[in-house]
Amino acid sequence: MSIWTMITSMAVGLGRTCAIFFLTLLFSLPLGLIVALLRMSKNKVVSGITRFVISVLRGTPLMLQLLAVTYGPYYLFNISVSRNKLIPVVIAFSINYAAYFAEIYRGGIESMSPGQYEAAEILGYSKLQTFIHVILPQVFKRILPSVTNEIVTLVKDTSLAFTVSYQEMFTIGKQIANSQTSFLPFVIAGVFYFVFNAIVDFVMSKVEKKMDYYH
């Protein structure tokens, strides 16, 4: 098999890798904010349960969570495994990354000075208006480096989808490597991941510069 054939075959998997990446971000970023607010709730029961869930999600391997979401319903409730493996993969990734984003959000929110809330109240802002218009923009600025690190990790973690036989780029590369007895497909995959992360880093650096207003 020629190098070009390997690249074109793996490019199909790259599209599926991108699907995991973008869908995970689409769901995990807002979900993480919701989880962070629940974690910061004054209700000790809500806060405690949320803290426990976050601990479980951060303390167990993503690979195990992928297997649980994909095959758990079958073993627990005898529900057939989804034919479209993208659905359980995105669910598992989104829940896992929401837990990490939640702690990043929480750190950013709690780092804000109480004086800003007081000043906004004097200006006639409600608590919701203060949070949306005053606090959140500054929080996003502060947490961008940490969020960028998680997004870079997500690019690489997409390869874990092979554990549930989802045909993303790494899985296809692994199959080609086995059939051709060659390490070259792994090198090609490494180049793909490197370029992908370079693009992510470039985009996020541009976003950081755009938010210099809040520095």
Side-chain angles (χ1 to χ4, degrees), residues 20-77 79 82 87-154 156-158 160 163-164 204 207-208 211 214-215:
I20 298 172
F21 175 79
F22 288 111
L23 288 173
T24 298
L25 287 183
L26 177 65
F27 294 117
S28 63
L29 285 171
L31 179 59
L33 180 58
I34 294 172
V35 174
L37 295 176
L38 292 174
R39 171 71 177 82
M40 297 169 64
S41 171
K42 293 181 180 180
N43 186 312
K44 291 185 178 180
V45 175
V46 173
S47 177
I49 292 174
T50 307
R51 182 177 182 178
F52 174 74
V53 172
I54 291 174
S55 297
V56 171
L57 291 173
R58 297 175 69 198
T60 56
L62 175 55
M63 185 182 297
L64 178 60
Q65 294 168 29
L66 278 166
L67 293 170
V69 173
T70 304
Y71 302 112
Y74 173 77
Y75 289 108
L76 294 175
F77 309 109
I79 299 174
S82 175
I87 295 174
V89 166
V90 170
I91 290 174
F93 269 88
S94 298
I95 293 173
N96 179 272
Y97 271 83
Y100 286 93
F101 286 137
E103 289 300 281
I104 293 174
Y105 282 129
R106 184 173 69 86
I109 294 170
E110 291 184 344
S111 70
M112 301 304 298
S113 169
Q116 297 203 40
Y117 292 94
E118 295 169 1
E121 185 178 358
I122 293 173
L123 292 173
Y125 282 83
S126 66
K127 289 184 178 180
L128 181 61
Q129 288 174 326
T130 301
F131 184 73
I132 293 175
H133 298 293
V134 178
I135 302 301
L136 268 188
Q138 297 179 74
V139 168
F140 287 145
K141 168 63 179 177
R142 292 189 180 190
I143 68 174
L144 266 179
S146 298
V147 169
T148 299
N149 285 337
E150 289 301 322
I151 293 175
V152 168
T153 301
L154 172 59
K156 296 176 287 185
D157 277 353
T158 56
L160 291 175
T163 58
V164 293
M204 295 305 292
V207 173
E208 284 194 54
M211 299 195 73
Y214 298 102
H215 184 69

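Atoms considered below: every heavy atom in the structure, side chains included; atoms not considered: hydrogens, waters and symmetry mates.
Judged purely by atom type and a 3.5 angstrom limit, Q65 has no side-chain atom pairing as donor or acceptor with the backbone of F93. In this structure, the side chain of Y105 does not engage the main chain of Y100 through any donor-acceptor pair within 3.5 Å. With hydrogens and angles disregarded, a donor-acceptor distance shorter than 3.5 Å links the side chain of R142 to the backbone of S111. A donor-acceptor pair under 3.5 Å is absent between the side-chain atoms of S47 and the main chain of N43, judged by distance alone.
Here the closest non-hydrogen pair linking T70 and P88 is OG1-CB, 3.5 Å. Smallest separation of non-hydrogen atoms from S28 and S94: CB-O, 3.5 Å. The nearest pair of heavy atoms linking V35 to A102 is CG1-CB, 3.6 Å. When every heavy atom of L62 is checked against every heavy atom of A92, the shortest pair comes out as CD1-O, 4.1 Å.
The structure places CE of M40 at 4.5 Å from CD of E110, a figure rounded to the nearest 0.5 Å. Interatomic distance, OG1 of T24 versus CD1 of I95, reported as 11.0 Å (0.5 Å rounding). Distance check: E150 CD to E103 CD gives 11.0 Å after rounding to the nearest 0.5 Å. The CG atom of L31 sits 11.0 Å away from atom CG of L26, with the distance rounded to the nearest 0.5 Å. Rounding to the nearest 0.5 Å gives a distance of 12.5 Å between CG of N149 and CG of L154. Taking OG1 from T50 and CD1 from I34, the interatomic distance works out to 11.5 Å, rounded to the nearest 0.5 Å.
When side chains are defined from C-beta on, E208 counts as touching P145, because their heavy atoms get closer than 4.5 Å. Annotation: side chain of Y97 is not in contact with side chain of I151 (no heavy-atom distance under 4.5 Å). Side chains of V90 and F22 form no contact here, defined as non-hydrogen atoms less than 4.5 Å apart.
For Y71, the OH atom is densely surrounded, since the number of other residues' heavy atoms within 6.0 Å is greater than 12.
Of the residues T163, N96, I91, D157, the one that meets the side chain to side chain contact (heavy atoms under 4.5 Å, CB included) test with L66 is T163.
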